[in-house]
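The structure appears below as structure tokens.
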Amino acid sequence: MQSKKTQPQASHFINGRYVEDKAGTAIPVIYPATGEVIATVYSATPAVIEQALACAQAAQKEWAAWTATERGRVLHRAAEIMRQRNHELSVLETYDTGKPYQETSVADATSAADALEYFGGLAASITGEYIQLGNDFVYTRREPLGVCVGIGAWNYPTQIAAWKAAPALACGNTMVFKPSEITPLCALQVAEILHEAGVPAGVYNVVQGDGLVGASLVTDDRVAKVSLTGSVPTGRKVYAAAAEGIRHVTMELGGKSPIVIFDDAHLENAVSGVILGNFYASGQVCSNGTRVFVQKGIKAAFLDRLTERLKGVNMGDPQDPAVNFGPLVSARQRDIVTAYIKKGVEEGARLVAGGQVVDGAGFFVEPTVFAEVSDNMVIAREEIFGPVLCVLDFDTEEEVLARANDTLFGLAAGVFTADLGRAHRMAAGFEAGTCYINTYNLAPVEAPFGGSKLSGVGRENSKAAIQHYTQVKGVYVAMGDVEAPF
Ligand code: NDP
């Protein structure tokens with residue numbers, strides 16, 4: 001079903017236009033709901049990579065010389081175009097990832113547009129400091145880094161492309177972005193829209209390929225910064241490779257985040273938060289709260305209500321707006337997830353709901369809930385990246401905080417309670433970059449997003465992202481004569 005709707009004009013977008021080089025390895029793009037090949041792109045050859053980096057470097061100084069207001073204006077225009085095309089972009093995102101249109105129409109191009117709008121607005125307010133030193137003074141300039149490389153995971157291809165492009169471009173950098181080879185289609189649309197809005201050729205480029213293409217971008221001398229969204233093992237490799245060239249990095253990596261539900265929590269909100277934190281995007285969300293700690297007094301009611309609410313799952317063709325639960329992104333991911341489910345059963349966790357692969361050509365796995373999970377089970381320690389929720393029991397606040405933090409990850413954490421003091425104590429105590437009180441998994445562009453511990457370094461979104469796409473230069477200005485010893 002390779003159709004006009006999903007087959008891009010060409011594989012790469014470089015220097016303001018589509019570029020094809022069929023000498024690269026062919027990458028079939030598969031619709032996860034049916035297993036059909038819906039497009040083919042070609043991995044970037046060394047010549048394509050060279051072209052992308054060279055034009056990103058050539059365009060950077062001139063782009064940085066635009067006033068920040070002018071840069072902001074084109075980002076705003078891009079946001080507007082993106083909103084106008086939300087329907088077609090959401091359809092494409094659904095083909096690329098298999099996520100239901102019901103989700104993609106409100107969470108992907110819309111979130112990308114928010115980022116373009118927010119950083120477009122912020123661009124002109126990026127300033128340095130003035131420091132008085134007697135008669136002398138120092139002023140600081142917040143300058144762009146230069147050529148940035150963005151590397152994306154497959155779960156949010158439009159959003160990840162824009163979350164990296166928006167702050168990078170607002171600050172006067174240029175970017176070469178490599179999407180995941182599993183979801184190569186959406187970033188090309190982001191590039192097209194940026195250029196239609198008036199971003200000059202060479203400022204934002206997209207090249208396709210696997211980790212080898214990513215690795216050759218990361219190690220190029222012209223690259224000043226690397227922003228990766230991916231798993232911890234890839235993060236280790238990319239961080240190390242970037243360190244060779246003392247490059248700046250942002251690492252948005254995996255997680256095994258806790259959601260803690262106290263006896264006094266609002267039950268319906270807690271169940272809603274846990275559904276959002278485990279089953280949105282069929283569980284393929286880095287910040288998911290997959291370790292759900294439930295205080296013993298509310299556990300039975302919580303499990304009853306959760307299983308009741310799971311009856312509302314409507315699995316099917318993700319392009320159907322009534323469908324609210326889609327397949328996993330690939331056959332490989334389905335197999336990884338089902339192996340974890342098998343492991344959970346073997347380890348003695350109680351399967352409360354789901355657990356089955358759905359028959360058919362698509363990569364569907366039922367939303368799955370395990371209860372009586374203990375801290376040392378593999379399903380409670382490793383990132384599964386699928387619709388598998390683990391319920392763990394607890395008694396006291398002190399105990400649950402220690403157990404929630406007993407993980408190498410530190411991406412997100414949430415608490416549901418009616419006790420205000422306890423909510424803030426928990427938020428302060430969580431070893432995680434992104435915390436929630438009485439809600440879960442919201443990621444507005446105004447708020448910083450990112451992890452601590454193995455879940456990453458740096459922050460995306462919010463004013464914090466500006467620190468990660470600029471560097472500070474101090475300029476000392478003498479107002480008198482220069483004194484020297486001889
Ligand atoms: P991977 O780590 O497998 O891949 C991420 C990207 O890195 C892909 O584009 C991949 O290419 C590329 N890559 C792989 N090896 C290298 C290398 N040596 N050098 C440079 N680039 C490389 O992650 P997934 O795509 O499987 O995504 C799932 C993971 O992403 C999960 O762990 C999830 O938690 C995390 N994630 C984190 C988020 C966050 O914001 N913290 C958000 C979303 C996901 P290719 O795959 O094409 O070979």
Side-chain angles (χ1 to χ4, degrees), residues 16 55-86 109-132 137-150 158-177 190-205 224-225 227 248 250 443-450 458-477:
C55 77
Q57 188 185 34
Q60 197 268 320
K61 291 269 183 303
E62 203 179 319
W63 173 239
W66 283 35
T67 68
T69 304
E70 289 167 334
R71 287 200 301 271
R73 195 177 300 141
V74 294
L75 295 182
H76 272 277
R77 216 175 286 144
E80 229 170 85
I81 300 172
M82 204 160 254
R83 285 193 208 290
Q84 281 158 9
R85 295 200 195 145
N86 184 43
T110 51
S111 156
D114 284 353
L116 292 164
E117 200 168 356
Y118 177 82
F119 287 105
L122 211 56
S125 65
I126 301 168
T127 57
E129 273 187 299
Y130 173 86
I131 304 151
Q132 191 71 48
F137 61 93
V138 168
Y139 65 90
T140 66
R141 294 164 50 91
R142 199 157 264 288
E143 298 186 339
L145 300 172
V147 176
C148 301
V149 162
T158 307
Q159 186 189 85
I160 292 172
W163 279 19
K164 296 190 191 307
L169 271 51
C171 295
N173 303 285
T174 56
M175 179 165 269
V176 178
F177 183 79
V190 174
E192 227 185 282
I193 288 170
L194 284 168
H195 287 81
E196 200 176 319
V199 166
V203 169
Y204 184 76
N205 311 277
K225 181 201 165 107
S227 176
H248 298 251
T250 297
V445 68
E446 296 87 348
F449 185 83
R459 291 293 177 267
E460 293 200 298
N461 290 341
S462 80
K463 284 181 233 162
I466 299 297
Q467 323 285 328
H468 301 293
Y469 282 101
T470 54
Q471 57 195 331
V472 175
K473 179 186 277 175
V475 181
Y476 190 110
V477 181

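Basis for what follows: all heavy atoms, side chains included, without hydrogens, waters or symmetry-related copies.
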Shortest non-hydrogen contact from Ala165 toward Leu194: CB-CD1, 4.3 Å

Straight-line distance of Ser462 OG to Phe449 CZ, nearest 0.5 Å: 11.5 Å

Steps toward side-chain contact (heavy atoms from CB on, under 4.5 Å) verdict (Tyr469, Leu169): CA-CA 9 Å; Tyr469 282 101; Leu169 271 51; over 6 Å; no

For the student: nearest non-hydrogen atoms of Ala115 and Ala162, plus distance: CB-O, 4.2 Å

Thr140 and Val475, any side-chain heavy atoms less than 4.5 Å apart: no

Value rounded to 0.5 Å, distance of CD1 in Ile126 from CD1 in Ile466: 3.5 Å

side-chain contact (heavy atoms from CB on, under 4.5 Å) assessment of Val203 paired with Glu62: CA-CA 10 Å; Val203 169; Glu62 203 179 319; over 6 Å; no

Check: Lys463 main-chain N/O paired with Tyr118 side-chain donor or acceptor under 3.5 Å: yes

Full working for side-chain contact (heavy atoms from CB on, under 4.5 Å) between Val138 and Val477: CA-CA 6 Å; Val138 168; Val477 181; over 6 Å; no

Atom pair CZ (Arg83) and CD (Glu117), whose distance is rounded to the nearest 0.5 Å: 4.5 Å

Expected output: side-chain Asn205 to main-chain Gly202 donor-acceptor under 3.5 Å: yes

Check: Lys164 and Met175 side chains under 4.5 Å, non-hydrogen atoms: yes

Nearest heavy-atom neighbours spanning Gly198 and Arg77: CA-NH1, 4.5 Å

Aromatic plane relationship, Tyr204 with Phe177 - under 30° parallel, 30 to 60° tilted, over 60° perpendicular: parallel

Between Thr250 and Lys225, a side-chain donor and acceptor under 3.5 Å: yes

Closest contact, heavy atoms only, Val445 versus Asn461: O-CB, 3.3 Å

Expected output: side-chain Asn173 to main-chain Leu145 donor-acceptor under 3.5 Å: yes

Pro448 backbone acceptor or donor facing Arg459 side chain under 3.5 Å: no

Main-chain N/O of Gln471 paired to Arg142 side chain as donor or acceptor, under 3.5 Å: no

From CD1 (Ile131) to OH (Tyr139), nearest 0.5 Å: 12.0 Å

Glu196 atom CD, neighbour heavy-atom count above 12 within 6.0 Å: yes

Side-chain (Glu143) to main-chain (Thr470) donor-acceptor, under 3.5 angstrom: no

Asn86 vs Met82 side-chain heavy atoms within contact, under 4.5 Å: no

Main-chain N/O of Gln57 paired to Gln60 side chain as donor or acceptor, under 3.5 Å: no

Heavy-atom pair of closest approach, residues Ala113 and Ala79: O-CB, 3.4 Å

Residue pair His195 / Gly16: nearest heavy atoms and the distance that separates them: CD2-CA, 3.6 Å

Between Gln159 and Ser111, a side-chain donor and acceptor under 3.5 Å: yes

From CA spacing to verdict: side-chain contact (heavy atoms from CB on, under 4.5 Å), Cys171, Arg71: CA-CA 9 Å; Cys171 295; Arg71 287 200 301 271; 5.7 Å; no

